[in-house]
Amino acid sequence: MKRIMTVQDISCVGKCSLTVALPIISAAGVEAAVLPTAVLSTHTAFPKYTFRDLTDEMQPIADTFKELNLDFDALYTGYLGSFEQLDFIDRFIADFKKPDTMIVVDPVMADNGVLYKGFTQEFADKMAKLCAKADLIIPNLTEAAFMLHIPYAENYDEAYVKDVLVRLTKLGTKCAALTGISLHEGKIGVYAYHADTDSFYFYENEKLPVSYHGTGDVFASCALGACMRGLSVDESLRLAVDFTLESMKMTAKDPERRFYGVNFEEALPLLISRLS
Ligand code: PXL
């Protein structure tokens with residue numbers, strides 16, 4: 001069984017980061033190992049939350065992994081809270097990357113044209129440097145705009161998306177996948193560019209007239225889980241679009257839905273059946 005090491009926060013309530021990555025990667029049939037970056041009472045979209053930074057714990061944990069000769073088939077970073085943590089990830093990659101280790105960076109820091117609370121342009125610049133080390137990065141258009149220093153475009157066409165993708169790979173990553181790309185009325189999906197083969201991949205599915213928190217984490221966890229099960233990157237991105245849509249459909253039809261996250265739990269049968 002493949003083993004993913006994912007480095008991101010744990011928000012106790014809120015269905016994002018580790019509370020999404022763990023169940024989705026497990027359901028994909030892949031071992032999920034974690035290195036928590038911070039403990040929050042909830043994610044930062046709640047009106048009030050506690051935040052305990054775990055940076056000081058991270059290097060001792062990684063050193064102990066090293067002493068125990070633990071290794072990982074993939075390293076997956078999500079929400080990271082500080083410059084120190086970005087430096088730590090650099091060292092972690094240097095220490096744990098083997099020739100076939102897949103490095104996936106989801107540069108979680110912004111959406112809908114704005115940075116999440118606590119993030120700055122300087123952080124985006126440093127995140128762009130981390131993206132250079134990745135095999136696959138999974139930003140949305142807002143995160144891409146901040147990393148590339150281009151204005152956030154609410155209206156765009158296919159040529160714009162392709163241009164952004166090529167620029168993202170020029171940061172150094174092998175493959176960039178932009179999420180939340182809507183090029184046709186009523187449709188939304190993923191657009192990817194593979195720099196090594198100079199090829200694009202686009203897949204779209206139904207666009208629901210709603211948006212929910214945490215869909216980016218659902219998407220990235222599903223895509224990487226699928227890659228580890230042997231699907232190609234493009235096949236994995238396709239499954240991630242379908243699984244995210246199914247999660248949103250489950251949320252939309254749940255009369256007891258909560259405001260803060262998606263019902264990916266009820267979409268897990270789709271993920272499991274597509275991977276079996
Ligand atoms: O879903 C991304 C995410 C992860 N972790 C924390 C967050 C967010 C987005 O707001 O606040 C703590």
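Ligands are counted one by one from 1 in listed order, and the atoms in each one are counted from 1 as well. No hydrogens, no waters, no symmetry mates; every other heavy atom, side chains included, goes into these values.
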Exercise answer: donor-acceptor pairs, residues 19-32 side-chain atoms, under 3.5 Å, sequence neighbours excluded:
unit_1: T19; atom_1: OG1; unit_2: C16; atom_2: N; d: 3.3
unit_1: T19; atom_1: OG1; unit_2: C16; atom_2: O; d: 3.0
unit_1: S26; atom_1: OG; unit_2: L22; atom_2: O; d: 2.8

At a 4.0 Å threshold, what atoms of ligand 1 neighbour a non-hydrogen atom of C16? 1 (O), 4 (C), 5 (N)

Could you list which atoms of ligand 1 come closer than 4.0 Å to a heavy atom of V108? 2 (C)

Taking non-hydrogen atoms only, is K117 closer than 4.0 angstrom to ligand 1 via side chain, backbone, both or neither? neither

Does Q8 come within less than 4.0 Å of ligand 1, judged by its heavy atoms? no

Of Y79, Y116, F119, the one whose closest heavy atom lies nearest atom 4 (C) of ligand 1 is Y79

Residues two or more places apart in sequence or in another chain: which of them pass side-chain hydrogen bond (donor to acceptor under 3.5 Å, both in side chains) with Q59? D63, R91

Ligand 1 contacted by S17 (non-hydrogen, < 4.0 Å): yes

Ligand 1 contact on T44 by region, counting heavy-atom pairs under 4.0 Å: both

Does a side-chain heavy-atom distance below 4.5 Å link M228 with M102? yes

State yes or no: do M109 and I137 share one hydrophobic cluster built from I, L, V, M, F, W and Y residues joined by side-chain heavy-atom distances below 4.5 Å, directly or via other members? yes

What protein heavy atom is closest to atom 2 (C) of ligand 1, reported as residue, atom name and distance in Å? D217 OD2, 3.4 Å

Are K126 and F83 in a cation-pi contact, defined as NZ or CZ under 6.0 Å from the six-membered ring centre and within 45° of the axis? no

Quick check: are there more than 12 heavy atoms from other residues, nucleotides or ligands sitting under 6.0 Å from NZ of K97? yes

Can a cation-pi geometry be assigned to K66 and F96, taking NZ or CZ under 6.0 Å from the six-membered ring centre and within 45° of the ring axis? yes

Between F46 and Y260, how do the two ring planes meet: parallel, tilted or perpendicular, split at 30° and 60°? tilted

Distance under 4.0 Å to a non-hydrogen atom of S11: what atoms of ligand 1 satisfy this? 12 (C)

Checking a contact table here: which protein heavy atom is nearest atom 5 (N) of ligand 1, and how many Å away? D9 OD1, 2.7 Å

Which atoms of ligand 1 have any heavy atom of H213 under 4.0 Å away? 1 (O), 9 (C), 10 (O)

